[in-house]
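Note sheet for the following structure.
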Amino acid sequence: MNWVVEGDNTTQLRLEMMQNHKQVVLAEISLMTESLQGIDVKITRYTKRTQERK
């Protein structure tokens, strides 16, 4: 990235970029966490159904 080469005068821009990137990653983590919880619910449901049939 050219900002690094340009030196300290782009530090604020790089900071803002990283802060924005962090927010995007946190949003993705939140979505994945919700998806994982749904998967766990289904696994529990299917496990119970499987055990009931035995």
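- To the nearest 0.5 Å, atom OG1 of residue Thr33 and atom CD of residue Glu28 are 11.5 Å apart.
- With values rounded to the nearest 0.5 angstrom, Thr50 atom OG1 is found 11.5 Å from Ile43 atom CD1.
- Interatomic distance, Lys42 NZ to Arg49 CZ, rounded to the nearest 0.5 Å: 11.0 Å.
- Residue Met17 holds its CE atom at 9.0 Å from CG of Asn20, rounded to the nearest 0.5 Å.
- Around the CG atom of Asp8, the shell of radius 6.0 Å holds no more than 12 heavy atoms that belong to other residues, nucleotides or ligands.
- Taken from CD in Glu52 to OG1 in Thr47, the straight-line distance is 11.0 Å, to the nearest 0.5 Å.
- Here Ile39 contributes atom CD1 and Thr44 contributes atom OG1; the two are 12.0 Å apart, rounded to the nearest 0.5 Å.
- For the pair Gln19/Gln23, no side-chain contact is recorded, criterion being any heavy-atom separation below 4.5 Å from C-beta on.
- Using a 4.5 Å cut-off on side-chain heavy atoms (C-beta onward), Met32 and Leu36 make no contact.
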